Amino acid sequence: QVQLVESGGGLVQAGGSLRLSCAASGRTFSNYVMAWFRRAPGKEREFVAAINRSGGLTNYADSVKGRFTISRDNAKSTAYLQMNSLKPEDTAVYFCAADRVVISLGPHGEYAYWGQGTQVTVSS
């Protein structure tokens, strides 16, 4: 089992940037596909981005493509989500997720392990 802890959320003005971190423990981090999801108030959970085990392949939701970057540091057992040009509609709780085998790096990938989430609020 792997434990995930997100950090880096906060309040930022529109156009600003934040970097989220997801620290993993409990198993060999490099064996896990990592992803970020978010849930806005009153909405269902939404796929944001995913990265394969080596970090060589990534995928993004259309809504964040070109603004967000997912990355990982296997030596530090940490995944990141760099968020630039933030918009008020990016306001949500952001969750990181992990699994050893994922059928897709897209929105239909299913993940067994989830963090508790970190709040991101973008003011207009």
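Bear in mind that the values here come from a model prediction, so they are computed numbers and not experimental data.
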Atom pair [atom1] ([X]) and [atom2] ([Y]), whose distance is rounded to the nearest 0.5 Å:
X      : Y     : atom1 : atom2 : result
Leu81  : Cys22 : CG    : SG    : 10.5 Å
Met83  : Asp90 : CE    : CG    : 7.5 Å
Gln1   : Ser25 : CD    : OG    : 9.5 Å
Asp99  : Asn31 : CG    : CG    : 11.5 Å
Ser85  : Arg67 : OG    : CZ    : 7.0 Å
Ser104 : Asn59 : OG    : CG    : 7.0 Å

In one Ile/Leu/Val/Met/Phe/Trp/Tyr side-chain cluster, 4.5 Å: [X], [Y]:
X     : Y     : answer
Phe37 : Leu86 : no
Tyr94 : Tyr60 : yes
Leu57 : Phe47 : yes
Val12 : Phe68 : yes

Using a 4.5 Å cut-off on heavy atoms from C-beta on, say whether the side chain of [Y] contacts that of [X].
X      : Y     : result
Val5   : Gln3  : no
Leu105 : Met34 : no
Ser30  : Arg53 : no
Arg72  : Ser54 : no

**Request:** Give the intermediate values and the outcome of side chain to side chain contact (heavy atoms under 4.5 Å, CB included) for residues Ile70 and Tyr80.
**Result:** CA-CA 6 Å; Ile70 188 172; Tyr80 304 97; over 6 Å; no
Minimum heavy-atom separation for [X] to [Y], with atom names?
X     : Y     : value
Val64 : Arg38 : CG1-NH1, 3.9 Å
Val33 : Ile51 : CG1-O, 3.3 Å
Ala24 : Val2  : CB-CG2, 4.0 Å

**Item:** Sidechain-backbone polar pair: Asn52 side chain, Gly56 backbone, donor-acceptor under 3.5 Å
**Value:**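 Checked: pair present.
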**Prompt:** Step by step, would you call Phe95 with Leu4 a side chain to side chain contact (heavy atoms under 4.5 Å, CB included)?
**Reply:** CA-CA 9 Å; Phe95 301 88; Leu4 304 173; over 6 Å; no
**Candidate pair Phe29 and Thr78, rule side chain to side chain contact (heavy atoms under 4.5 Å, CB included), full reasoning** = CA-CA 8 Å; Phe29 181 71; Thr78 302; 5.5 Å; no
**Request:** Tell me, please, which residues at least two apart from Lys43 pass salt bridge (Lys or Arg N to Asp or Glu O under 4.0 Å).
**Result:**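 Listed in chain order: nothing, the list is empty.
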Run the side-chain donor-acceptor check on residues 106-124: report pairs under 3.5 Å with partners two or more places apart or on a different chain.
unit_1, atom_1, unit_2, atom_2, d
Trp114, NE1, Tyr111, O, 2.9
Thr118, OG1, Gly9, N, 3.2
Gln119, NE2, Ala92, O, 3.4
Gln119, NE2, Thr121, OG1, 3.3

**Request:** Start with the C-alpha distance between Asp62 and Lys65, add both sets of side-chain angles, then the distance that settles salt bridge (charged side-chain N to carboxylate O under 4.0 Å, His left out), and finish with yes or no.
**Result:** CA-CA 5 Å; Asp62 288 342; Lys65 200 171 294 183; 3.2 Å; yes
**Item:** Polar side chain donor-acceptor pair, Arg100 to Tyr32, under 3.5 angstrom
**Value:**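 Per modelled atom types, Arg100 and Tyr32 side chains form no pair under 3.5 Å.
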**Request:** Step by step, work out the side chain to side chain contact (heavy atoms under 4.5 Å, CB included) result for Gln82 and Ser17.
**Result:** CA-CA 8 Å; Gln82 178 67 45; Ser17 298; 4.0 Å; yes
